[in-house]
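Quick caveat: nothing in here was measured; it's all calculated off a predicted structure.
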Amino acid sequence: MRYSISLQFMWTDLPFADRVRKAASHGFDQIDLWDWRDLDIDRLAETCRTEGVALGSFFGHRQAGLADPSQRDRVLEELAASVKAARRVGATQLHTFSDGIGPGGVIQKPPPLRWEARYQSCVEGLEEAVKLVEGTGITLVVEAINNIYVPGYFWDEVGITLAICRAVDHPQLRLAFDCFHQQLAGGRLTDHLREALAWMARFDVADVPGRGQPGTGEINFTHLRRVLESEGYDGVVSFEVDPVGGDSDAAVRACRRVFGF
């Protein structure tokens, strides 16, 4: 397994380049970002190269969503720019979303559409999107987000993203299994994890409630790590935690105690 840290909530008193250095000092294999357009992505990529960590992933699009067919051209335009940036800096995963997500997590809801129409729009949009990454080594990652914190988001649990991956059936389209979101949305983490493993690009770690580090909430991450090991998972484990009490170094120590990297 390869271990990654999302820099969004970590060491927030530092500029992102220094956050990369902190991640490297703690032994992470790679770092993850949110929207690359908000950052000096080329400078961060150079810092990653200097520090010996990979720049793993960032958002492929955000302003428009796949569940609305009228937004598809905007999604593909955003994705094309993100693929270009990812190839330039060496990122290997781009996150995709069912709905456009504005400031504060407010989604841009599509016009009234039946569930089936939104699902079909996602499948058709991703069939077009994977053409942008064919032959690049970049994987598009479909990401379920609970609709407790983000009401109205269409991919609200991993069962939907798994069905979409199966429908598109492309080796460069995979899903993120986010324990925080899935526990809030549907629970049964062990069963859902085993079902999703063959289609997973990443296993995202944060506890419930609060998105804290392992050991601060109700999820048994030691058990889930053993499931990953028993099933031979060899992908990315990413820690997208919001450190309890703002202590990022303590959060890293908690992650390392459970996962042993």
4.5 Å side-chain heavy-atom contact, L224 and C179: yes
Between CD of Q8 and CG of L33, what distance do you get to the nearest 0.5 Å? 8.0 Å
Check the pair E78, R74 against salt bridge (Lys or Arg N to Asp or Glu O under 4.0 Å), reporting the backbone distance first and the verdict last. CA-CA 6 Å; E78 282 189 81; R74 290 172 57 202; 5.6 Å; no
Can you find a side-chain donor-acceptor pair between R174 and T139 that sits under 3.5 Å? no
Find out whether F16 and R19 are in side-chain contact, i.e. whether some heavy atom of one side chain is under 4.5 Å from a heavy atom of the other. yes
Is the CD atom of E231 crowded by more than 12 outside heavy atoms at less than 6.0 Å? yes
Do you know the tightest heavy-atom contact between T47 and A17? CG2-O, 3.6 Å
When you compare the side chain of L193 with that of L228, does any pair of heavy atoms fall below 4.5 Å? yes
Fit a plane to each ring of W115 and Y119, take the angle between them on a 0 to 90° scale, and name the class: parallel (under 30°), tilted (30 to 60°) or perpendicular (over 60°). parallel
Here the pair of heavy atoms bringing V244 nearest to Q213 is N-OE1, 3.0 Å
Closest heavy-atom pair and its distance - C165, W199: O-CZ3, 3.4 Å
Per side chain to side chain contact (heavy atoms under 4.5 Å, CB included), F58 is matched among L39, V89, D32 by V89
Please name the residue in the list E134, E128, E127 that meets the side-chain hydrogen bond (donor to acceptor under 3.5 Å, both in side chains) test with K131. E128
Would you check if L66 and I164 make a side-chain contact, meaning some heavy-atom pair closer than 4.5 Å? no
Will you find, in the side chains of W11 and D249, an N or O donor that is under 3.5 Å from an N or O acceptor? yes
May I ask you to check whether over 12 heavy atoms, not counting those of R43, lie within 6.0 Å of atom CZ? no
Any heavy-atom pair between the side chains of K22 and L7 that's under 4.5 Å? no
For the pair W34 and F59, name the ring-plane relationship: parallel under 30°, tilted 30 to 60°, perpendicular over 60°. parallel
Can I get a per-line list of side-chain donor-acceptor pairs under 3.5 Å for residues 253-261, giving both atom names and the distance, sequence neighbours left out?
from, atom 1, to, atom 2, distance (Å)
R256, NE, F261, O, 3.3
R256, NH1, H26, O, 3.4

Positive for side-chain hydrogen bond (donor to acceptor under 3.5 Å, both in side chains) with E143, one of R202, H181, H95: H95
Taking atom types as modelled, is there a side-chain donor on T50 or R21 under 3.5 Å from an acceptor on the other? no
If you measure from CG on D35 to NE2 on H61, what distance do you get to the nearest 0.5 Å? 11.0 Å
Can you see which heavy atom on A81 is nearest to which on W36, and at what distance? O-CZ2, 3.8 Å
Within 6.0 angstrom of D73 CG, more than 12 heavy atoms from elsewhere: no
Nearest heavy-atom contact between A176 and D204 is CB-OD2, 4.0 Å
Quick one, I138 and T92 - any side-chain contact, counting heavy atoms below 4.5 Å? no
Does a side-chain N-to-carboxylate-O contact under 4.0 Å join R49 and E46? yes
Can you check side chain to side chain contact (heavy atoms under 4.5 Å, CB included) on R37 and S82, steps first, answer last? CA-CA 9 Å; R37 297 169 181 83; S82 295; 3.1 Å; yes
